[in-house]
Structure formats: structure tokens, C-alpha cells
Colleague: 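Quick one: the structure is below, questions incoming.
The chains referred to below are lettered A, B, ... by the order of the sequence lines, with proteins before strands, and numbering in each begins at 1. All values below come from the heavy atoms of this structure, side chains included, with hydrogens, waters and symmetry mates left out.
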2 protein chains.
Amino acid sequence: MTDHAKPTRASADDPIVRIVDDDPSMRRALTNLFQSVGLGVEAFGSAAEVMDAKPPAVPSCLVLDIRLPGSSGLDLQADLAKANIHTPIIFITGHGDIPMTVRAMKSGAVDFLTKPVRDQDMLDAVQAAIERDRKRRDEEKSVSGVRSRFESLSARQRDILSLVTAGLMNKQVAAELGLAEITVKIYRGQIMRKMGAKSLADLVRMTEALGIPRTKGHLQT
Amino acid sequence: MTDHAKPTRASADDPIVRIVDDDPSMRRALTNLFQSVGLGVEAFGSAAEVMDAKPPAVPSCLVLDIRLPGSSGLDLQADLAKANIHTPIIFITGHGDIPMTVRAMKSGAVDFLTKPVRDQDMLDAVQAAIERDRKRRDEEKSVSGVRSRFESLSARQRDILSLVTAGLMNKQVAAELGLAEITVKIYRGQIMRKMGAKSLADLVRMTEALGIPRTKGHLQT
DNA sequence: CTACAGGACATACCTGCGTATAGGTCGCGC
DNA sequence: GCGCGACCTATACGCAGGTATGTCCTGTAG
């Protein structure tokens, strides 16, 4: 039961705030607050509902009561992390303590607000959270294109890629792999085309973004 | 492995814990705790003393009571940040509240412990903090060598560096700057020598580490 | 004034990079 | 068996990268 309330037609990049609270009046109050500033809202009554729902495709954040039926907010945070879902989280609590707060913040929470929550504090926190998610998504998107192109490389092409971006000359790569230099040159061309790199500098930056293990890396003091 | 008892001889990489607390008995207790596991210790009675003391050259962390004479622990944290000193901080508090905790953690504190502090919690926090500082120092060190070499470049050399690492060919760089291609080649060689780069890939990674603004960068989706 | 550093360029030469063309061997799926 | 894709190589050619040597100009610190 998602008190799905959409004020206007949501466009592709409108952020969504997802509220998880077992108290209906709290859900309603928060929903009103966020809608009043033009934010999209989805409300849930339990942790399980959120885990079942698919994460939104637009910048979003979670507003989470620590005390939830079944698993606690902290458990949900841990579960989401395990499921590799990185939506920024804002906690609210009526009876929180410091160890709880520390644990939540260490696990990457954006904020941890105590009831009664001042509207402005909540809106500030949400804005920061949305912004963080937007950045993460942008980063993810730009890397995912590169990653999928990398996946399309054959094993041999990857071998050569890693040696080439390590700074070895074609002949050195050839020696390393027991190949003829001409073979390396040809692979190199294939790699540049497949990766869509228009220069070696590009290629190096792509591998850096992907975190490709460098066979022979340095950067000495 | 690191457990062996060291009498007094401090070697170049032994971590130091700096304690700031106005309560002498607390200072003594913490000092004993840390020394019992072989950590170096410096104790201070106020925030001002720490700001005056020069930061240690070895991996270290701060253990900070929130309540201090004069400025609070949070103020000291802010002052240190402003002074560009990034020693990891562990807070201890007797009467902390959640907003305080949140503020401290948002500002990068490693942990926030409540009195009475369990010895093991403190030692765990300190170890994590020291480890964090060690990483930061390693990173800083490896970048600072590159940075100082970059500083040694002339203005012209930097122009060419940024265009070359953007992936332009010598002739394009020449056109961009209104130079002859041969001139660019010569500069390029000078740059490689001055920067200690043994390949273009190296050079690209160095500029990435330095965050050199790319005149013509991309990484398309 | 002189010495020196930085900047710019030419000629010559060598090495590295990259593509085209033209082959060849495997192993796999239909 | 046939096609396909990967992997591998050879010859040949052209362009890009890089160094050496030498020349010239300019600003500036001693």
C-alpha cells in the first residue's frame, strides 16, 4: 500500500522522496511537506515494502524512521547496502541514542533528525540527499557506458589494453605476451575503435575510471 | 605482528594519539590505555594548546572531549578543518546529544563515543582513525611529489601539457597555440623529463591525480 | 653590459604508431 | 561441412613522436 500521490505529471528528472514510516499521520505530514515544495513522493509503511519496490530511476532519497515494524531503519540501511542500492538516507527518530546515530552516519546516512523535526531541517536534508544521489547517478551513468564497451572486449584485447595503458611500447607488450609487434598494433587499433577512444590519453582515463588493475603501475615519489 | 613492546624508542612511523581533555584523571587513564598497546601519546588540556602545537609528522589521531574549556570540541574540529589539518578525530562525551553527534560525524569525525567508554571501543576507534590518517598521508605524499614537479614547469610547458594530455596530436597543439610542430615536440620532451614520466600514460595519470583542468576533455556516454 | 633562462624555430634523422592487404590456424554452433 | 569469430602473422607504407644540433630573440638579474 503505497499512498501514491502525484501532484503533477512527473518528468524524467524530477526527484522523488521515498518515505518509510509506520505511522500514517507522519507519512501524510511528510508527504504534504514535500509536495508543497514540488517534490515527488512515495510512501511506505514498512521496510519490506521498500525492499520489494524497485528503486526509482530518478534522483531520490529515503526518509526513514528508525523504529519500524519488523526490521529497524538501520537494518533496512544495511540490507539496501548489501543489495547494492545506494539511495541516500535521512533518518528520523523519536527516541534515538548516540550509538545509533553514529552507526547510521558511519554507514553513510545523510542526516539523522530528531522528532519533532523542523520542516526546514527536513527540506535541507532532503535537498542535500537528492543532490548527492544526482551526483552519484551522473557518475554511474558516465562510467557505465565505458564499462559496457570494456565488456565487449575479448580476453586478448583486455590483456593488451592493460599493458598499453600501463605505458608499455608495442614491442614490450608483444614480448610480454609472446606476440609479434604487428599483432599488438592491430589489437590496439581494435581496442581504440571498440572503446570509442580517440587518443591514448582517452583510453588511459577510461581505464582509470573503470579501476582496471594495472599490471605495471607506478607514480613514484 | 605490531604487538612487540617498545620501551621508549620512537621510530619514524610509530603512530601517535593526541588526547585533549581538561580532566587530568581522564587524560591519565587514556594515556595509560594507549601506552599499554604501544601507541605514542601526547596529552593536552585545551583546544588552544593543540592549535599551537605543530601537527605530528607521523600517522596520528585526536581523541577529543566535546566539552572543553573555552572552545568546544566541535569548534576545534572546525578550526582544524579551516587550518587545513585533517587529523582524524574521535569524540568522547558525557552529555552529548544527537544533533551534536550528527554535526561531528558530518564534519568527518571517525567516531563519537559516550562515557563511560569501553576500552575496546576506544582502541578500535583509534585504530580505524590511525589507519585512515595513514592512508591520507600516503596519498598526500605520492601526489605532492608530482605536484612539486608540476610547479617546476614553465607557463608554456603547462599549456602544452594540458593539451597533450587532452589527447591532441602535436600538430593540433601547435595550431591551438600558434606554434610550429617542432616546438611542441621539444616542449613535450622537456615536460616528460621534468615530470619524470616514462610514458604518455604516466603523464595522463599524473595530471588526473593533480586535477589539471582539461581544456578539451570528454568521456562520452 | 653580460650572462643566463625561456621561448621559438629549422633541418635532419630515427623510432614508434597505425592501417591496409593478405594471409593462416583454431574451436564452436547450426 | 560451413560460416563465424578469435587469434595470430607478414609485407609495405605513411604519418606521428622524439632527439640532436644550431640559430635567433627577449627580458631580466647581477
Colleague: Using a cut-off of strictly less than 4.0 Å, decide whether B/Arg156 has a side-chain nitrogen or oxygen near OP1 or OP2 of C/dG6.
Modeller: no

Colleague: Please write out the pairs of protein N or O atoms and N or O atoms of nucleotides 9-19 of chain D separated by less than 3.5 Å, giving the distance to one decimal.
Modeller:
{"residue": "D/dT9", "atom": "OP2", "partner": "A/Ala180", "partner atom": "N", "Å": "2.9"}
{"residue": "D/dT9", "atom": "OP2", "partner": "A/Thr183", "partner atom": "OG1", "Å": "3.0"}
{"residue": "D/dA16", "atom": "OP1", "partner": "B/Lys171", "partner atom": "NZ", "Å": "2.7"}
{"residue": "D/dA16", "atom": "OP2", "partner": "B/Lys171", "partner atom": "NZ", "Å": "3.2"}
{"residue": "D/dG17", "atom": "OP2", "partner": "B/Asn170", "partner atom": "N", "Å": "3.2"}
{"residue": "D/dG17", "atom": "OP2", "partner": "B/Asn170", "partner atom": "ND2", "Å": "3.3"}
{"residue": "D/dG17", "atom": "N7", "partner": "B/Lys185", "partner atom": "NZ", "Å": "3.1"}
{"residue": "D/dG18", "atom": "OP2", "partner": "B/Arg188", "partner atom": "NE", "Å": "2.6"}
{"residue": "D/dG18", "atom": "N7", "partner": "B/Lys185", "partner atom": "NZ", "Å": "3.1"}
{"residue": "D/dG18", "atom": "O6", "partner": "B/Lys185", "partner atom": "NZ", "Å": "3.4"}

Colleague: Going by an N to O cut-off under 4.0 Å, is there a salt bridge joining B/Asp138 and B/Arg134?
Modeller: no

Colleague: Of the options B/Asp111, B/Asp21, B/Ile66, which is the one that meets B/Ile92 in a side chain to side chain contact (heavy atoms under 4.5 Å, CB included)?
Modeller: B/Asp21

Colleague: Is it the case that more than 12 heavy atoms not belonging to A/Arg67 sit under 6.0 Å from its CZ atom?
Modeller: no

Colleague: Atom CE of B/Met206 and atom CG of B/Leu161: how far apart are they, to the nearest 0.5 Å?
Modeller: 10.0 Å

Colleague: Please check: side-chain N/O of A/Asp124 versus main-chain N/O of A/Asp121, any donor-acceptor pairing under 3.5 Å?
Modeller: no

